[in-house]
Amino acid sequence: MVTRPPELSTVSATIETPGTVAEAEAVQDRLRPLVDLAGPGPTAPRTVAGLDVAYAEDGDRLAAAVTVLDPTTLEVLDTAVATGRAAFDYVPGLFAFRELPALLTALARLTVEPELLVCDGHGLAHPRRFGLACHLGVLTDRPAIGVGKTPLVGTWAGPDRRRGSWAPLRDGTEQVGRVLRTRDDVKPVFVSVGHRMDLDNACAQVLRLTPRYRLPETTRQADQLCRAELRKLAGV
DNA sequence: GCGACAG
DNA sequence: ATCTTGTCGC
């Protein structure tokens, strides 16, 4: 039986919001088996979405942004934002619950269908192997990857100083992602699979999106957009 | 027991 | 995440 991904406009209505750490962990444990690790995922996606969230100084109000780019030209094809309040306290490992509602609301407002979601945070490189990228991927049933700026779990050695070099990110005996150098002599990023992608393809897509900067252009665009939206909230 | 801990 | 200027290097 063929199952089709849900319309993005319907996903946010289906999420559950845990009230405690135990409940949140239970949600992750229940959704974890739904992660699709088969891959390989789209080799040449025509649309790639970047997602990011910015917080007000009160640490409560926030703005989420999604930008859809043509990965070949890096042209921005579509954008969407959503404002709201943090849906959960910040707890390492449960970070996704803070931003998920706002991100899903923003995704629902897109008019261009993204073929890949590039998340600001980790996917499988997570204590229970279910970081934001997995969560977002499973809920939307779209290919998703995580690109973190700093590690959450795992150890590594290297990688070489040149762009394109990488080293396995290991947590115990498991390979949970890759430490990938996106620019020569620049601090590497942490790439991990979210959903419906394999690690090789995830890294290939990240490299395509980083011709000039350390972070994917998708993430950079989303970062700028949500910060601008936040300034509107503040009043400036 | 202590420190670390995506954003 | 956010608070924050200048500054070293290419």
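Numbers restart at 1 for each chain; the letters A, B, ... are given by sequence-line order, proteins then strands. Quick note: numbers below take in every heavy atom, side chains included, and nothing from hydrogens, waters or symmetry partners.
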For the pair D184(A) and R163(A), find out whether any cationic side-chain nitrogen is under 4.0 Å from an anionic carboxylate oxygen.
no

Look at R227(A) and dT2(C) and indicate whether a side-chain polar atom (N or O) is within less than 4.0 Å of OP1 or OP2.
yes

What's R61(A) touching, base or sugar-phosphate or nothing? Going by heavy atoms closer than 4.0 Å.
nothing

Transitively linked via ILVMFWY side-chain contacts under 4.5 Å: V53(A) with V81(A)?
no

Would you indicate what L62(A) reaches in the nucleic acid, counting non-hydrogen atoms under 4.0 angstrom: base, sugar-phosphate, or nothing?
nothing

Do any N or O atoms from the side chain of E229(A) and from the backbone of L225(A) form a donor-acceptor pair under 3.5 angstrom?
no

Rounded to whole Å, CG of L136(A) lies from P of dG7(B) at a distance of 15 Å

Is the cationic atom of R220(A) (NZ for Lys, CZ for Arg) positioned less than 6.0 Å from the six-membered ring centroid of Y213(A) and within 45 degrees of its normal?
yes

Residues of residues 139-175 of chain A with any non-hydrogen atom less than 4.0 angstrom from an atom of DNA chain B: list those, numerically ordered, please.
G148(A), K149(A), T150(A), P151(A), L152(A)

Under 4.0 angstrom, heavy atoms only, what part of the nucleic acid is A125(A) near: base, sugar-phosphate, or nothing?
nothing

May I ask you to say what F95(A) touches in the nucleic acid, namely base, sugar-phosphate or nothing, with a heavy-atom cut-off under 4.0 Å?
base

How many whole angstroms separate atom NE2 of H126(A) from atom C1' of dA4(B)?
15 Å

Calculate the interatomic distance between E99(A) atom CD and dA6(B) atom C1'; express it in whole Å.
9 Å

Value in whole Å for how far the P atom of dA1(C) lies from CZ of F88(A):
20 Å

Quick check against the 3.5 Å criterion: does R181(A) have a side-chain atom that pairs as donor or acceptor with the backbone of V186(A)?
yes

To the nearest angstrom, the CG-P distance between L233(A) and dT2(C) comes to 13 Å

Pair pattern of DNA chain B in dot-bracket, where unpaired bases get dots and | marks partners in another strand, Watson-Crick or G-U under 3.5 angstrom:
.......

Taking NZ, NE, NH1 and NH2 as the nitrogens, is one of them in E113(A) or R142(A) under 4.0 Å from a carboxylate oxygen of the other?
yes

Taking atom P of dT2(C) as reference, at what distance in whole Å does atom CG of D60(A) sit?
14 Å

With a cut-off of less than 4.0 Å, is there a side-chain N or O of Y90(A) near OP1 or OP2 of dA6(B)?
yes

Between L117(A) and the options I145(A), T218(A), L107(A), the side chain to side chain contact (heavy atoms under 4.5 Å, CB included) test singles out L107(A)

Would you kindly give the CG-to-C1' distance between L100(A) and dA6(B), to the nearest whole Å?
14 Å

To the nearest 0.5 Å, what is the distance between CG (D52(A)) and CG (L103(A))?
8.0 Å

Using whole Å, what does the distance between atom C1' of nucleotide dA6(B) and atom CZ of R128(A) come to?
12 Å

CG/D89(A): more than 12 non-hydrogen atoms of other groups inside 6.0 Å
no

Scan L103(A) against the nucleic acid and name what it touches under 4.0 Å (heavy atoms): base, sugar-phosphate only, or nothing.
nothing

is_close_aromatic(F97(A), H135(A)), centroid dist under 6.0 Å
yes

Side-chain ion pair, E16(A) and R30(A), N-O less than 4.0 Å:
yes

Using a 4.0 Å cut-off on protein heavy atoms (strictly under), produce a 5'-to-3' string for nucleotides 3-10 of chain C with B for base contact, S for backbone-only sugar-phosphate contact, and - for none.
S-------

So if I apply the side chain to side chain contact (heavy atoms under 4.5 Å, CB included) rule between L169(A) and each of V153(A), L152(A), V191(A), V179(A), which one comes out positive?
V179(A)

